[in-house]
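None of the values given here were measured: they were computed from a predicted structure.
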Amino acid sequence: MSYVELNNIGKSFDRVEVLKKINLSIKKDEFCVLIGPSGCGKSTLLRIIAGLESPSSGSLSLNNKDVTELRPRDRNIAMVFQNYALYPHLTVRGNMEFGLKLDKTPKAKINDLVNEAAAILKLEPYLTRYPKQLSGGQRQRVAMGRAIVRNPSLFLFDEPLSNLDAKLRTKMRTEIKSLHFRLKSTTVYVTHDQIEAMTMADKIVVMNEGEIIQVGTPLELFDNPKNLFVASFLGSPEINLFEGTVKKSSDGYFLKLDGTSDLNLPQDLNFNEDQKIIVGIRPQSLKVSSKSTKLKSVVNIIENTGTSTFIFSTVGSSNVCSEVDRNLNFKVGDDIFLSAEPNKMLIFNPETGERLINEI
């Protein structure tokens with residue numbers, strides 16, 4: 001059952017069209033992540049759901065109730081902002097109490113709600129401190145606590161982790177997801193970080209230039225992107241792209257690349273000789289071969305992350321990345337040979353960017 005329903009939502013500022021006929025359903029208790037490059041419209045869409053912006057066209061319903069014209073405070077929604085939006089002159093407790101006091105909640109209930117939220121977020125030792133006395137992660141938890149005490153039916157997060165360092169972002173991702181499970185809340189989360197999207201979402205909505213490009217689970221989008229944009233946007237390191245011309249030999253079809261390199265193609269697919277295509281291969285599926293192949297490469301950079309080693313190399317005029325066993329010894333300048341499983345290849349039309357095959 002859908003809890004959030006967006007119907008043909010459009011938004012323009014003056015003559016600039018920011019959102020174009022957005023249609024989206026979000027189920028009750030679902031963790032939905034809106035992702036896309038800066039300026040794609042994801043934050044504007046979130047603000048429309050919150051009631052902070054009015055759509056230029058279309059309608060919005062929450063729990064089967066049309067709320068398109070409803071004020072933000074009447075929607076039972078809580079929003080956590082990128083910059084925390086805490087009152088500097090109020091303590092942690094004061095910030096968490098503020099909205100409840102405006103709603104004239106009884107004092108005893110306010111105290112119970114704040115204490116419960118503080119316990120959930122491990123904020124009890126900081127209730128008498130002011131925001132300037134807190135770390136970035138602690139401030140973010142206070143902003144989340146201010147949202148929790150209101151017991152909203154919908155949580156909205158607008159890039160809440162972008163101001164935190166990498167280690168703290170990882171920790172806060174876990175905390176937010178745990179909070180989602182504990183509260184059994186419907187959540188809409190905006191980010192431009194595809195790692196956040198892949199690790200946190202039940203459903204990812206990929207946006208670009210004011211439109212929804214594809215919707216699905218993290219693995220659905222990773223394994224079966226509908227076009228080059230989605231394939232390139234999701235995955236770290238980025239997907240390798242090989243552009244060339246289809247040729248045929250006695251062994252079957254292959255992709256002729258710049259120079260002397262060739263790439264064997266899936267033999268169970270129908271290609272036309274001299275057809276132009278782009279082949280996408282994830283770094284995890286581009287292997288260093290123990291024997292000579294027609295995909296010869298030269299090592300440019302080696303990155304060791306501790307758990308994985310990535311080799312960045314050159315094939316013809318293309319820069320590619322492959323994940324290798326960290327115990328293998330390579331050095332910059334080495335010649336290596338690469339291979340890929342044909343069933344792991346994604347095939348795209350170079351003119352439209354659309355997938356030529358529906359499934360891997």
Side-chain angles (χ1 to χ4, degrees), residues 3-4 26-35 42-43 46-47 49-50 62-63 72 75-86 91-100 103 105 109-127 129 131 134-205 217-218:
Y3 183 80
V4 181
I26 300 170
K27 295 178 182 178
K28 185 173 175 58
D29 300 339
E30 194 168 42
F31 197 112
C32 177
V33 175
L34 308 180
I35 188 171
K42 55 189 184 295
S43 289
L46 195 76
R47 290 174 63 84
I49 296 173
L62 300 179
N63 199 20
R75 299 188 183 197
N76 195 25
I77 286 174
M79 189 165 180
V80 179
F81 296 90
Q82 177 181 350
N83 61 358
Y84 319 133
L86 301 178
T91 63
V92 169
R93 180 178 287 278
N95 270 280
M96 293 171 68
E97 290 176 341
F98 188 78
L100 297 174
D103 291 338
T105 305
K109 186 175 182 180
I110 289 177
N111 192 57
D112 289 343
L113 289 170
V114 170
N115 288 342
E116 183 181 358
I120 291 173
L121 296 167
K122 299 179 175 60
L123 286 172
E124 292 130 309
Y126 311 107
L127 287 173
R129 294 189 186 183
L134 304 175
S135 68
Q138 290 164 348
R139 292 178 192 178
Q140 190 57 272
R141 284 202 292 270
V142 175
M144 290 164 58
R146 185 176 55 190
I148 291 171
V149 296
R150 295 183 54 202
N151 192 28
S153 57
L154 179 64
F155 279 94
L156 305 179
F157 290 87
D158 190 7
E159 304 204 41
L161 308 184
S162 59
N163 291 333
L164 305 180
D165 61 56
K167 183 177 180 180
L168 194 51
R169 279 203 305 271
T170 301
K171 182 179 180 181
M172 289 301 295
R173 284 204 309 261
T174 303
E175 289 191 11
I176 292 174
K177 190 65 175 177
S178 297
L179 183 66
H180 169 74
F181 282 123
R182 181 166 183 171
L183 299 179
K184 292 181 170 45
S185 59
T186 306
T187 301
V188 184
Y189 187 103
V190 162
T191 183
H192 63 273
D193 186 328
Q194 55 95 13
I195 296 296
E196 285 182 28
M198 292 292 293
T199 56
M200 298 175 74
D202 298 319
K203 176 164 68 183
I204 295 177
V205 179
T217 67

**Message:** Strictly below 4.0 Å, N to O, side chains only: are Lys171 and Asp165 in salt-bridge contact?
**Reply:** no
The complete set of side-chain hydrogen bond (donor to acceptor under 3.5 Å, both in side chains) pairs with one or both residues in residues 75-84, sequence neighbours excluded, reads Asn76-Ser153, Gln82-Ser162
Taken to the nearest 0.5 Å, the spacing of Ser178 OG from Met172 CE works out to 10.5 Å
Between Tyr3 and Leu154 the two heavy atoms that sit nearest each other are CE2-CB, 4.2 Å
dist Leu168:CG -> Gln140:CD (nearest 0.5 Å) comes out at 9.0 Å
dist Ile148:CD1 -> Leu179:CG (nearest 0.5 Å) comes out at 4.0 Å
Of all heavy-atom pairs linking Val190 and Pro160, the shortest is O-CD, 4.1 Å
Minimal heavy-atom distance between Pro152 and Ala78, with the atoms involved, is CG-CB, 3.5 Å
| query | Hey, does Ile176 have a side-chain heavy atom less than 4.5 Å from the side chain of Val80? | reply | no
Hey, what's the ring geometry for His180 with Phe31, parallel, tilted or perpendicular (30° and 60° as the breaks)? perpendicular
Taking every heavy atom of Met96 against every heavy atom of Val114, the minimum-distance pair comes out as CE-O, 3.9 Å
Is it true that a side-chain atom of Lys42 and a backbone atom of Ile35 form a donor plus acceptor pair closer than 3.5 Å?
-> no
query: Pro131 versus Val142: any side-chain heavy-atom pair under 4.5 Å?
result: no
Exercise for review: Carefully, step by step, assess Ile204 and Thr217 under the rule side chain to side chain contact (heavy atoms under 4.5 Å, CB included).
Suggested key: CA-CA 6 Å; Ile204 295 177; Thr217 67; over 6 Å; no
**Asked** Are Arg146 and Phe98 close enough, and set up right, to give a side chain to side chain contact (heavy atoms under 4.5 Å, CB included), and what steps lead you there?
**Response** CA-CA 8 Å; Arg146 185 176 55 190; Phe98 188 78; 5.5 Å; no
*asked:* Evaluate Asp193 against Leu161 for side chain to side chain contact (heavy atoms under 4.5 Å, CB included), listing each step before the verdict.
replied: CA-CA 10 Å; Asp193 186 328; Leu161 308 184; over 6 Å; no
dist Asp202:CG -> Ile26:CD1 (nearest 0.5 Å) comes out at 11.0 Å
One pair to check against side chain to side chain contact (heavy atoms under 4.5 Å, CB included): Glu196 and Val33. What are the steps and the verdict?
CA-CA 9 Å; Glu196 285 182 28; Val33 175; over 6 Å; no
Taking every heavy atom of Ser43 against every heavy atom of Asp158, the minimum-distance pair comes out as OG-OD1, 3.0 Å
Distance col, row Thr105:OG1 vs Arg150:CZ, nearest 0.5 angstrom, shows 9.5 Å
Distance col, row Leu164:CG vs Lys167:NZ, nearest 0.5 angstrom, shows 13.5 Å
In terms of heavy-atom contacts, Gly145 and Ala117 come closest through O-CB, 4.2 Å
task = For Arg93 and Leu127, indicate whether the former's side chain and the latter's backbone hold a donor-acceptor pair under 3.5 Å.
result = no
